[in-house]
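Numbers here simply count residues along the sequence, with the first being 1.
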Amino acid sequence: MEESGETAGGRGVGSREWLIFGIGFLLLLGFVRTGSIWIDEGQTWNLLRAGSWGEMFDIFRNSGNAVCGMPLFFGLEYLWSRFTGDGAWAMRSLNLVFGGVYLFAAIRLLRHWRIPVGFALLFILHPIFPYYMNEARPYIMLATYGILILWLLSSFDFNSKRTILCFHLAFAAGFASHVLFGFIGVLYAAFALQSILRREFCWRRHLAFAGVFALLYIPLAGFYLRIFTGGAPELNNELGSSPLKSLTQMAYSFTGFSGLGLSRNDLRGCEWSHFTPVMGILCAALVSAWAALLVAMWRCRERLPLKIRGLLGGGGLAMLLILAFSFLGKARFWERHIIWLLPVFIFLFLFFLLPVLRSGKRWLWIPGAAVILLTVLSGLRTAYLPYYEKDNYAAAARLALSLPERELLLYQGDRITFEYYGLFGEQYEKIDRENPPAVIQISNIRPEDLTELLNRGQKTVVILKNKPEFDRHHLWDTLKGKREHRFNVFKVIEL
C-alpha cells in the first residue's frame with residue numbers, strides 16, 4: 001500500500017465523515033456512566049473538593065505519589081468541575097471533549113491513508129477505550145494526544161514548521177498530563193532518524209523548536225524526577241516487579257481479550273474460578289482468529305512505506321523502553337500507562353488488515369472480520385457488563401450505612417473514596433482504644449486487634465476488600481458472619 005498524497009487529507013469533512021462522527025459520539029456518550037468511583041478516582045475527587053486553586057495545589061504538591069505525575073490533567077479537571085460539579089458522571093464528562101477530538105483525528109487519519117472511515121469506530125470500540133472513558137483520570141486525554149501525534153507524523157511533512165510546532169504542543173500537553181507520556185518521544189526520534197538518514201532533516205528548525213519547548217520540558221522533568229525518586233509508592237512495588245507480568249497484561253488488553261475473558265480485578269487477583277465456559281469459547285475464538293489473521297497478513301504483505309516503518313520501529317522501541325523502566329524501577333505498569341500507543345496499534349492493525357480484506361479470498365478475510373467483530377464485542381462487554389466494573393465502593397458503603405441497629409462499622413479500603421459516599425471513619429492506628437469511634441478503617445489490621453474490637457459486644461458490620469494492599473492478613477478468607485453481601489472486590493459481613 002502506498003501513502004496517499006496531501007490532497008487526500010486536505011479536503012473538508014464530508015457528510016460520510018460527519019455521519020461516522022455522529023454515530024461515534026453517541027457511543028462515547030453511552031460509555032460515560034454514573035457507576036461507582038474507585039480509589040484512583042477518589043484521588044481525583046480529593047483534589048476537586050478543594051475550596052480554591054491554592055488549596056488544590058497544596059493537596060497536589062503534598063500527595064507524594066503518582067498524582068504528582070499528572071499536573072495538567074488535575075488543573076483541567078479542577079477547572080471543569082467548577083462548572084459541572086463533582087458527581088461521578090460530571091467528573092468523567094471531561095472525557096467526552098477529548099473523546100470527540102480523538103474520534104475526529106481518527107477519521108482524518110484514516111481518510112488520509114485511504115482506509116474506509118467507518119473503521120474509525122474501532123478506535124473507540126476497542127475494549128481499552130470504553131473502559132477508561134468511564135474513569136475520571138487522564139487516560140483518554142493521553143490517547144487523544146497520542147493520536148494527534150500519530151496523525152501529524154504519519155500524514156504531514158515531518159520537517160514543516162506546522163508539523164514541528166503541533167508535535168511539540170501535543171507532546172507538551174501529554175507530558176504535562178502524565179509522566180509516562182514522555183516515552184512517545186521515541187516515535188519522533190524514529191522519524192527524525194529516518195529523515196537524517198535520507199539527508200532531509202532540517203536541523204536548525206527542529207533544534208529551534210526543541211530549544212523553546214525545553215523551557216517547559218526541563219523543569220517538568222525535574223519535578224517528576226524529584227517526586228519519583230522521593231519514594232513514590234508506585235515504584236518498588238511487588239505487583240510490577242516482573243516485566244513479563246506487565247507485558248502479558250498489556251498484550252491481553254491490547255489484543256482485545258479484556259472484555260471476553262477475566263475482568264481486570266480477577267486477572268490481577270488470579271481469580272480463575274470466575275472463568276466461565278463462555279469466556280473460554282470467546283477467548284479461544286479470538287486466539288484462533290488472530291493466528292489465522294497473522295498468517296493472512298504475511299501472505300498479503302507488501303513493501304512498507306517509510307512512515308509505516310517509522311511507526312513500527314518507534315512504537316516497538318517505546319514498548320521496550322517501558323518494559324526496561326518497569327524492570328529497573330520495579331514499577332507496576334498496566335495497559336492504561338501506554339494508552340497513548342493504542343491508536344498506533346489500531347492504525348497499524350488496520351493498515352496491514354486492508355490488503356487482506358481486499359484480496360478477494362474468503363479464507364483470508366474471514367479471520368480479519370472475526371478479529372474485528374470479537375474486538376467490538378469485547379469492547380461492548382467491557383462497557384456494559386457489571387462483571388467488568390471497577391471496585392464498587394458505592395454499593396458497599398450504601399449497604400453498610402443502611403443496615404439497621406448497626407453499632408460499629410469496620411472497613412477496609414481507601415478512606416477518601418469511602419468519604420465520597422458518606423462513610424467517614426478514623427484509622428485504627430489513631431483511635432482511642434478505650435473509647436473507639438463508631439466507624440473505623442481497619443486496612444491491614446492484625447487479626448488479634450480485630451478480635452479485640454469484635455469482643456466489645458457491639459452489633460458490628462465489617463467491609464472487607466479482596467486486595468493485598470488492604471488485607472495483608474487475609475481476613476477475606478477467614479472472617480465469617482451471619483450474612484454476607486458481595487460486591488466484586490468488596491464483601492459486607494454482618495456479625
Side-chain angles (χ1 to χ4, degrees), residues 32-98 132-142 176-179 223 227 232-234 336 389-402 409-431 437-443 463 465 467 469-470 487 489-490:
V32 180
R33 290 170 290 127
T34 59
S36 175
I37 70 169
W38 70 302
I39 180 171
D40 284 18
E41 293 178 291
Q43 293 175 346
T44 301
W45 174 71
N46 190 41
L47 274 81
L48 299 189
R49 63 176 170 172
S52 66
W53 283 94
E55 184 182 346
M56 188 272 288
F57 180 74
D58 288 338
I59 297 173
F60 169 81
R61 184 182 57 186
N62 297 323
S63 61
N65 57 21
V67 166
C68 294
M70 314 173 189
L72 181 60
F73 162 71
F74 284 114
L76 291 175
E77 187 72 54
Y78 187 80
L79 179 62
W80 184 260
S81 70
R82 300 307 93 181
F83 299 97
T84 63
D86 61 359
W89 193 92
M91 287 193 294
R92 296 162 178 166
S93 63
L94 181 59
N95 288 334
L96 291 171
V97 177
F98 285 92
Y132 289 106
M133 273 295 296
N134 196 43
E135 182 168 328
R137 297 295 271 183
Y139 305 117
I140 297 302
M141 293 173 61
L142 300 182
S177 299
H178 198 285
V179 56
F223 172 73
I227 293 299
E234 287 74 16
R336 64 177 182 261
E389 291 177 353
K390 304 177 186 73
D391 308 0
N392 200 341
Y393 277 84
R398 288 166 182 164
L399 175 65
L401 291 172
S402 68
L409 173 55
L410 311 175
Y411 72 89
Q412 293 178 337
D414 180 62
R415 177 179 58 83
I416 292 173
T417 309
F418 270 123
E419 286 181 2
Y420 182 84
Y421 290 105
L423 199 163
F424 295 85
E426 296 183 37
Q427 293 176 289
Y428 175 76
E429 293 79 9
K430 298 179 180 179
I431 67 170
V439 182
I440 306 173
Q441 182 197 41
I442 58 166
S443 295
I463 303 175
K465 188 175 186 186
K467 291 287 185 69
E469 59 265 39
F470 295 104
F487 305 101
V489 297
F490 286 103

Open item on the list: Determine whether Y420 and E41 satisfy the following criterion, side chain to side chain contact (heavy atoms under 4.5 Å, CB included), listing intermediate values before the conclusion.
Closed with: CA-CA 10 Å; Y420 182 84; E41 293 178 291; over 6 Å; no
Could you go through E389 and R33, starting from their C-alpha distance and side-chain angles, then the distance that decides it, and tell me whether this counts as side chain to side chain contact (heavy atoms under 4.5 Å, CB included)?
CA-CA 11 Å; E389 291 177 353; R33 290 170 290 127; 4.1 Å; yes
- Message: Under the criterion side chain to side chain contact (heavy atoms under 4.5 Å, CB included), I'd like the reasoning laid out for L76 against L72: C-alpha separation, chi angles, the key distance, then a yes or no.
- Response: CA-CA 6 Å; L76 291 175; L72 181 60; 4.1 Å; yes
Please assess R398 against N392 for the test side chain to side chain contact (heavy atoms under 4.5 Å, CB included), listing each intermediate value before the final yes or no.
CA-CA 10 Å; R398 288 166 182 164; N392 200 341; over 6 Å; no
For this session: Please report the C-alpha distance between Y393 and W38 in whole Å, then the side-chain angles of each, then the deciding distance to 0.1 Å, and finally whether the ring pair (Phe, Tyr, Trp, His ring centres under 6.0 Å) criterion is met.
Result: CA-CA 6 Å; Y393 277 84; W38 70 302; 8.5 Å; no
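Looking at R137, its side chain never comes within 3.5 Å of a backbone N or O of Y132 through a donor-acceptor pair. Under a 3.5 Å cut-off, the side chain of S36 and the backbone N or O of A394 do form a donor-acceptor pair. Listed for the N95 side chain is a donor-acceptor partner under 3.5 Å among the backbone atoms of M133. Panel note: side chain S81, backbone T84; no donor-acceptor pair is recorded below 3.5 Å. The backbone N or O of G413 lies less than 3.5 Å from a partner atom in the side chain of S443, making a donor-acceptor pair. For E77 (side chain) and F73 (main-chain N/O), no donor-acceptor pair under 3.5 Å exists by modelled atom type. With R92 contributing its side chain and V32 its backbone, the two residues share no donor-acceptor pair below 3.5 Å. A donor-acceptor contact shorter than 3.5 Å is absent between the side chain of Q427 and the backbone of Q441.
Contact record, A50 with Y78: O-OH, 3.0 Å, taken as the closest heavy-atom pair. Nearest heavy atoms, A396 versus I463: O-CD1, 3.8 Å. A pairwise comparison of heavy atoms in W45 and I416 identifies CZ3-O, 3.5 Å as the closest pair. Across all their heavy atoms, A90 and G85 have their closest contact at CB-O, 3.6 Å. Shortest non-hydrogen contact noted between A136 and T44 is O-OG1, 2.8 Å. In plain terms, the two heavy atoms of G35 and A88 that are nearest each other are O-CB, 3.7 Å.
Between atom CG of residue D40 and atom OH of residue Y139 there is a gap of 5.5 Å, rounded to the nearest 0.5 Å. Rounded to the nearest 0.5 angstrom, Q43 CD and I37 CD1 are separated by 10.5 Å. Between atom CZ of residue F98 and atom CD1 of residue I140 there is a gap of 10.5 Å, rounded to the nearest 0.5 Å. To the nearest 0.5 Å, atom CG of residue D86 and atom CG of residue L48 are 6.5 Å apart.
A donor atom on one side chain and an acceptor atom on the other are found under 3.5 Å apart for W80 and S93.
The residues R415 and E426 are annotated as not salt-bridged, no charged nitrogen and carboxylate oxygen being separated by less than 4.0 angstrom. Note on R49 versus E419: salt bridge recorded, some NZ/NE/NH1/NH2 to OD/OE distance being below 4.0 Å. Checked for salt-bridge contact, D391 and K467 meet the test: a charged N lies under 4.0 Å from a carboxylate O. With salt bridges taken as basic N to acidic carboxylate O contacts below 4.0 Å, none links K465 and D414.
No side-chain heavy atom of W53 sits under 4.5 Å from any side-chain heavy atom of D58. You'll find the side chain of L79 stays beyond 4.5 Å of the side chain of F74, heavy atoms only. Annotation: side chain of L401 is in contact with side chain of L423 (closest heavy-atom distance under 4.5 Å). The shortest distance between side-chain heavy atoms of T417 and N46 does not fall below 4.5 Å.
Two rings, from F418 and Y411, have their centers less than 6.0 Å apart.
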